[in-house]
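Worksheet: the structure to be examined is printed underneath.
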Amino acid sequence: MTELPRIAFASLDSKPKASTVVYFAAEGEGLPPHLKKLDASTGGAISKAIEIAAFKRKRKSVVEILAPHGLSAARLMLVGVGEPKTLNPHEWMEIGGAVRGKLPAKTTEADIMFDGVDSLNGDAPLSFALGFSLRNYAFKKYKSKGGSRGEAEEAEGENDRAPPRLTIFSHSGEQLVGGFQKDRALLEGVYFARDLVNEPANILTPPEFVERLRALETEGLKVEVLDERALKSLGMNAMLAVGQGSAQPSAVVILRWNGVPQADASDGNLVFVGKGVCFDSGGISIKPSQGMEDMKGDMAGAAAVAGVMTTLARRKAPVRAVGIVGLVENMPSATATRPGDIVTSASGQTIEILNTDAEGRLVLADLLWYAQAHLEPKLIITLATLTGAILVALGKEYAGLFSNDDALASKISEAGQDIGEFAWRLPLSKKYNKLIDSKLADVKNIGGRDAGSITAAQFLLRFVKSGIPWAHLDIAGMAMGSPASDINSSWGSGYGVRLLDHFSDKFYEPRSEPN
Ligand code: BES
Ligand code: MN
Ligand code: ZN
């Protein structure tokens, strides 16, 4: 797994020692107290640099001073934070990410000085560290040692670098170590999800995915695996139809986290369901070759579920949650499903498969049945890179959100707003049912050209029993190939981990008493 930066916390009374030192500067204020002293001892070099660079202290703008006279640091970076009184945790997180982006890639250590700014927002150093760490992620596993072009004399390759060490100096000092435990748990989950999404499909096959999830037992999760035999005897033929053309066996993995005492455990589980198509070639309804490589990321729903379950376990969240993922590979072959095939799903409903590339909903249909029959859901959230149409509708800024329950939908949008993983609600309505009614079976797996993301969600709704609060996130536009941002420069973004972690934390975990 990709390594996290090493983060430490220190008091502002101690002196920075790293080769890179970062200070913040607020609009309309003088230099922060420590920096004012430094300025004096460098003969005014800092104020001169500010003037020459016409540094206005706008948020995320920087001025850099290299080899500052009278200082042991090689690099002094001054970061504008605009009007710090108005900065919320999310904005501090973005500043952390932006600072990581502005430092050279090979920075090994940096001291971050919350001098004169953190008194306004006590948790700012934590948010900063979170953003810095999110941005620091890079998937370098397949960059061989010694550089990528066989340049023997270039001793250091991209993969030889240890993650940077960050020390955050603030008034709260080492007290923040405890608070960062929660963020570290979150980062582990996001890094895990990103690693899974970035991994190529020849490596991350369904069996390999199973092994990586089995390893989560050491985190305190209960891991149950259903192999093809078990899936057959459960009648999960819709999901099995997707994998039947592949040389790789399909599997379902169930991850259980029980973080509440038995006595309180009566009201059911938060159930997270993830689409885990390890590669989606389209099957017999094969996709065009242009861009097909991106379909290694068609398991991003499953990755988000695995990520959030890791986080809940790592931070010992006081909640009951179950993650379930369906792992398959969608390939064309002599054993593959044909257009026109009719399968009987585990729910008993028959499905006419008119396009083998509309495979995600077949996987989810059986997972939804399993969740309701065996996992005692309080609510269910499905996550899937389900439709290309959601990119047409919402682009790469919002996931599509569908729900049969207004309260649940509001909670998800609110959680997303809070932490910056956005979701926009689209309609479900029985008016769309006629588009997926089949002549020969109960339902068909495509709805025609119009409203592609809605008909996919409406298909899923047919597998949800009435009275079960259910929401579906179509993350095809968010989970991979997302534009670089302050807090992500990786192809796989890990979308959904922070959203679901915060959703659980905010709405389903008892607040610990302030002491
Ligand atoms: N995995 C794709 C959806 C997708 C597209 C994800 C682009 C990420 C980026 C899904 O299985 C699919 O192929 N959907 C089809 C459905 C159609 C055949 C009804 C689509 O969107 O074209
Ligand atoms: Mn497909
Ligand atoms: Zn797919």
Side-chain angles (χ1 to χ4, degrees), residues 196-198 201 204 206 209 238-239 241-246 248 250 273-304 325-332 336-341 351-367 382-400 402 426 432 435-436 438 443-460 472-483 491-493 495-496:
L196 290 168
V197 176
N198 287 326
L204 192 67
F209 206 134
M239 169 169 162
V242 177
Q244 79 185 33
S246 168
Q248 303 292 340
S250 305
V273 179
K275 167 178 173 182
V277 177
C278 293
F279 189 75
D280 180 14
S281 69
I284 296 294
S285 316
I286 198 162
K287 287 181 181 295
S289 52
Q290 175 86 37
M292 200 201 272
E293 66 275 13
D294 283 356
M295 287 302 119
K296 72 172 185 178
D298 207 20
M299 31 52 69
V325 298
L327 305 172
V328 295
E329 188 182 49
N330 187 22
M331 295 295 262
T337 296
R338 294 148 289 251
D341 285 3
I351 305 169
E352 187 182 15
I353 300 174
L354 289 177
N355 187 319
T356 65
D357 196 13
E359 84 298 340
R361 63 197 76 181
L362 301 175
V363 175
L364 293 174
D366 278 346
L367 294 180
T382 49
L383 291 101
T385 48
L386 202 60
T387 65
I390 203 67
L391 275 140
V392 178
L394 298 174
K396 297 185 166 201
E397 305 299 337
Y398 280 76
F402 301 84
L426 294 168
Y432 292 101
L435 296 174
I436 52 172
S438 158
V443 66
K444 59 184 179 182
N445 79 329
I446 47 169
R449 223 177 59 93
D450 297 342
S453 303
I454 298 174
T455 52
Q458 193 71 29
F459 177 98
L460 298 182
H472 162 59
L473 287 163
D474 192 335
I475 61 173
M478 302 307 290
M480 55 205 190
S482 15
W491 184 76
S493 66
Y495 179 96

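Here the structure is a predicted model, which means the values were calculated and not measured. Just so you know, ligand 1 is whichever comes first in the structure, and atom 1 is the first atom listed for that ligand.
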Give the residue, atom name and distance (to 0.1 Å) of the protein heavy atom nearest [atom].
atom	result
atom 16 (C) of ligand 1	Arg361 NH2, 4.0 Å
atom 8 (C) of ligand 1	Met480 CE, 3.3 Å
atom 9 (C) of ligand 1	Met295 CE, 3.5 Å
atom 18 (C) of ligand 1	Asn355 ND2, 3.6 Å
atom 2 (C) of ligand 1	Asp280 OD2, 3.6 Å
atom 6 (C) of ligand 1	Ala476 CB, 3.6 Å

task: Give the intermediate values and the outcome of side-chain contact (heavy atoms from CB on, under 4.5 Å) for residues Leu354 and Lys444.
output: CA-CA 7 Å; Leu354 289 177; Lys444 59 184 179 182; 3.6 Å; yes
query: Heavy atoms of the protein only: does one fall short of 4.0 Å from atom 13 (O) of ligand 1?
result: yes
- request: Kindly give the heavy-atom pair with the smallest separation between Ala399 and Tyr495, and that separation in Å.
  value: CB-OH, 3.3 Å
query: Out of Asp474, Ile475, Leu386, who gets a non-hydrogen atom closest to atom 10 (C) of ligand 1?
result: Leu386
Passing candidate, side-chain hydrogen bond (donor to acceptor under 3.5 Å, both in side chains) with Ser285, options Asn330, Thr356, Thr337: Thr356
Which atoms of ligand 1 sit under 4.0 Å from any heavy atom of [X]?
X	answer
Glu359	11 (O)
Gly388	3 (C), 4 (C), 5 (C), 20 (C), 21 (O)
Ile446	19 (C)
Thr387	3 (C), 21 (O)

query: Can you name the ring pair (Phe, Tyr, Trp, His ring centres under 6.0 Å) partners of Phe402, sequence neighbours left out?
result: His472
task: Select one of side chain, backbone, both or neither to describe which atoms of Asp357 lie under 4.0 Å from any atom of ligand 1, heavy atoms only.
output: both
query: Does an N or O from Asp298, backbone or side chain, lie closer than 3.5 Å to an N or O of ligand 1?
result: yes
field: N or O pair under 3.5 Å between Lys287 and ligand 1
entry: yes
- prompt: Angle subtended at the Zn ion (ligand 3) by NZ of Lys275 and OD2 of Asp298, to 10 degrees?
  reply: 90°
- request: Look only at the side chain of Asp474 and the backbone of Leu386, and say whether a donor-acceptor pair between them is shorter than 3.5 Å.
  value: yes
message: As a test of understanding, state which of Ile436, Asp357, Ile353 forms a side chain to side chain contact (heavy atoms under 4.5 Å, CB included) with Asn445.
response: Ile353
query: When you measure from the Zn ion (ligand 3) to each N, O or S atom of Glu359, which atom gives the shortest distance?
result: OE2
query: Among the N, O or S atoms that Asp280 has, which is closest to the Zn ion (ligand 3)?
result: OD2
statement: Sorted by chain and number, protein N/O/S atoms nearer to the Mn ion (ligand 2) than 2.8 Å are Asp280 OD2, Asp357 O, Asp357 OD1, Glu359 OE1
Working for side-chain contact (heavy atoms from CB on, under 4.5 Å), residues Glu359 and Asp280: CA-CA 8 Å; Glu359 84 298 340; Asp280 180 14; 3.1 Å; yes
task: Check whether any heavy atom of Lys275 sits under 4.0 Å from an atom of ligand 1.
output: yes
query: Is the Zn ion (ligand 3) less than 2.8 Å from at least one N/O/S atom of Asp357?
result: no
